[in-house]
Peer 1: 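My structure is below; once you've seen it, I'll send some questions.
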Amino acid sequence: MGRVGVLLLNLGGPEQLEDVRPFLFNLFSDPEIIRLPFPWLQKPLAWLISSSRAQKSQENYQQIGGGSPLRQITEEQANALQKSLEKKGVEANVYIGMRYWYPFTEEAIARIKRDGIEQLAILPLYPQFSISTSGSSFRLLEQLWLEDPTLNRIRYTAIPSWYSRPGYVQAMAELIAQELDQLPDPSDGHIFFSAHGVPVSYVQESGDPYQREIEHCTELIIKALNRANDYTLAYQSRVGPVEWLQPYTEDAIADLAARGIESLVVVPISFVSEHIETLQEIDIEYREIAEEAGIENFRRVPALNTHSGFIDDLADLTVEALAAPPRLLSEVVHPDKRMKMYPPERSAWGMTPFAEVWNGRLAMVGFLALLLELVSGRGPLHFVGLL
Ligand SMILES: C=CC1=C(C)c2cc3[nH]c(cc4nc(cc5[nH]c(cc1n2)c(C)c5CCC(=O)O)C(CCC(=O)O)=C4C)c(C)c3C=C
Ligand SMILES: [Fe+2]
Ligand SMILES: [Fe+2]
């Protein structure tokens, strides 16, 4: 084997309150996150939404100590993975490529080049695939490869998702069992999987496998847990005016409370690190909703972070992926005709002089309307809940 590298892909998060606005700008500039019919609207809209969402979002980050712990936890995971690989006889450099904050994916690729990596496993830290997460990072990498043909010297393999790995499933089941056992009556704790949501259109129109993978993942964990407790799957953190996957976490909690359920064990299922949506949204917001609705025991399963069984399993996965025939980014991002990344084809938005004039005029009108909305704090975007 030549020089081996592992590239961990993750979302990134603001490390301090000043980072929140530019972080949100990067996030909303991503066409895999907000799908607009007109690409020229992306940046103005990203600017507008990030400017007006920043304050609320900063308040949330303030509640968890003033920043996201994601970078630090991902660095700890990278170190643990490197050590675990070493124990298995594989000398590898582990790199972190974040999609919306430091260390950015572009920086990771520059280091991979500089270090002369010859074999690379590309491993998203999302157990399930979504167009909006792993898909977006793969798409960016595909672009970087197109822009720099010298990257073709690297023999890489892209791992789309890994939620069915036995070590991951077992580690999740163990953590759930530990929380159940803290309840006054472990047998009557209701297991509540809370996955990060995506808009329904991703699944129904663009063929995102996310919902299917989340459902399958919860079934595997319940099987490994091997207890008789009831369970529910719901989706949290929706943003904006469109319909997201249902049931929504807050509604499902209220329904369970109305059915007389008193003990909930909440399991964050789509992310393997603590982050704002576990520490703030679940631990503070959903806990409050649950307690007001009459839930007496509300426990949350910790994120895996550097759980040793989980990290060892990621190391095995990496070794297996490097030994198998390589999987190209293009195969993962466009695996079949059923899944559409966005925009489907940039060239489909080809400009004619007529379109350009009208696009320009519409952009001016749209931009002024957005500015007005921002200044006045009223308007259609506030109305639909994007701001
Ligand atoms: C698998 C996990 C995630 C999916 C799927 C996902 C889709 C998705 N997210 C947004 C909008 C936002 N996400 C934000 C933060 C955020 N998102 C995830 C994970 C998934 N997102 C994580 C782990 C984090 C937190 C990072 C951290 O700082 O710890 C935010 C910013 C926070 C806020 O203001 O609420 C937004 C906005 C969309 C629109 C989307 C699918 C289309
Ligand atoms: Fe998100
Ligand atoms: Fe969120």
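Read the numbers this way: they start at 1 and go in the same order the structure lists the ligands and their atoms. The basis for the numbers below is simple: all heavy atoms, side chains too, and nothing from hydrogens, waters or symmetry mates.
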Peer 1: Whether the R35 and S201 side chains hold a donor-acceptor pair (N or O, under 3.5 Å, no angle test) is what I'd like checked.
Peer 2: no

Peer 1: Could you check whether the rings of W40 and F38 sit parallel, tilted or perpendicular, using 30° and 60° as the cut-offs?
Peer 2: parallel

Peer 1: Does ligand 1 have a heavy atom under 4.0 Å from the side chain of Q128, from its backbone, from both, or from neither?
Peer 2: neither

Peer 1: Please write out which residues are connected to I282 in a hydrophobic cluster, directly or through intermediates, given that two of Ile, Leu, Val, Met, Phe, Trp, Tyr count as joined at side-chain heavy-atom separations below 4.5 angstrom.
Peer 2: F192, I253, L256, I261, L264, V266, Y286, I289, I295, F298

Peer 1: Check the orientation of Y156 and W145. Use parallel for under 30°, tilted for 30 to 60°, and perpendicular for over 60°.
Peer 2: perpendicular

Peer 1: Under 3.5 Å, is there a donor on one side chain and an acceptor on the other for T306 and E76?
Peer 2: no

Peer 1: Looking at non-hydrogen atoms alone, which of P268, G240, S68, A54 comes nearest to atom 27 (C) of ligand 1?
Peer 2: S68

Peer 1: N/O to N/O below 3.5 Å, does that happen between H275 and ligand 1?
Peer 2: no

Peer 1: If you measure from each non-hydrogen atom of S132 to ligand 1, which part falls under 4.0 Å: side chain, backbone, both or neither?
Peer 2: side chain

Peer 1: Which bit of S237 gets closer than 4.0 Å to ligand 1, counting heavy atoms only: side chain, backbone, both or neither?
Peer 2: neither

Peer 1: Could you walk me through whether H190 and T232 pass the side chain to side chain donor-acceptor pair (under 3.5 Å) test, one step at a time?
Peer 2: CA-CA 8 Å; H190 191 97; T232 297; 2.5 Å; yes

Peer 1: Looking at V198, which atoms of ligand 1 are within less than 4.0 Å of one of its heavy atoms?
Peer 2: 5 (C)

Peer 1: For ligand 1, which atoms sit closer than 4.0 Å to a heavy atom of P14?
Peer 2: 28 (O)

Peer 1: Would you mind listing which atoms of ligand 1 come within a distance below 4.0 Å of any non-hydrogen atom of I276?
Peer 2: 25 (C), 27 (C), 29 (O)

Peer 1: Can you find a side-chain donor-acceptor pair between Y102 and D19 that sits under 3.5 Å?
Peer 2: no

Peer 1: Got an N/O contact under 3.5 Å between I33 and ligand 1?
Peer 2: no

Peer 1: Under 3.5 Å, N or O to N or O, is H196 touching ligand 1 that way?
Peer 2: yes

Peer 1: So, the side chain of S161 versus the backbone of Y163: is there a donor-acceptor pair under 3.5 Å, distance only?
Peer 2: no

Peer 1: Is it true that atom CZ of R287 has more than 12 heavy atoms of other residues, nucleotides or ligands lying nearer than 6.0 Å?
Peer 2: yes

Peer 1: Of the side chain and backbone of L27, name the one, both, or neither that has a heavy atom under 4.0 Å from an atom of ligand 1.
Peer 2: side chain

Peer 1: Look at atom 15 (C) of ligand 1 and find which of E277, R71, Q236 reaches it with the closest heavy atom.
Peer 2: E277

Peer 1: Should the pair H196 and W244 be assigned to parallel (<30°), tilted (30 to 60°) or perpendicular (>60°) ring geometry?
Peer 2: tilted

Peer 1: Please report the C-alpha distance between R212 and F129 in whole Å, then the side-chain angles of each, then the deciding distance to 0.1 Å, and finally whether the side-chain contact (heavy atoms from CB on, under 4.5 Å) criterion is met.
Peer 2: CA-CA 10 Å; R212 194 174 64 234; F129 181 93; over 6 Å; no

Peer 1: Would S57 count as being in polar contact with ligand 1, using the rule that some N or O on each side must be under 3.5 angstrom apart?
Peer 2: yes

Peer 1: For ligand 1, does L24 get within less than 4.0 Å through its side chain, its backbone, both, or neither, judged by non-hydrogen atoms?
Peer 2: side chain

Peer 1: Which of the atoms of ligand 1 are close to S270, meaning less than 4.0 Å from one of its heavy atoms?
Peer 2: 1 (C), 2 (C)

Peer 1: Would you mind telling me if ligand 1 is within reach of the side chain of W244, the backbone, both or neither, using heavy atoms under 4.0 Å?
Peer 2: side chain

Peer 1: Counting from 1, what ligand 1 atoms have a heavy atom of F28 closer than 4.0 Å?
Peer 2: 37 (C)

Peer 1: Closer than 4.0 Å to some heavy atom of G13 - which atoms of ligand 1 meet that?
Peer 2: 28 (O)

Peer 1: Can you figure out which of L279, I269, L11 has its heavy atom closest to atom 24 (C) of ligand 1?
Peer 2: L11

Peer 1: Taking atom NZ of K83 as the centre, does the number of heavy atoms from other residues, nucleotides or ligands within less than 6.0 Å exceed 12?
Peer 2: no

Peer 1: Could you label the plane-to-plane angle of the F271 and Y126 rings as parallel, tilted or perpendicular, counting under 30° as parallel and over 60° as perpendicular?
Peer 2: tilted

Peer 1: Could an N or O of ligand 1 be found under 3.5 Å from any N or O of Y61, whether backbone or side chain?
Peer 2: yes

Peer 1: Using a strict 4.0 Å cut-off to heavy atoms of Y202, name the atoms of ligand 1 that fall inside it.
Peer 2: 42 (C)

Peer 1: Please list, in number order, the atoms of ligand 1 under 4.0 Å from a heavy atom of F271.
Peer 2: 23 (C)

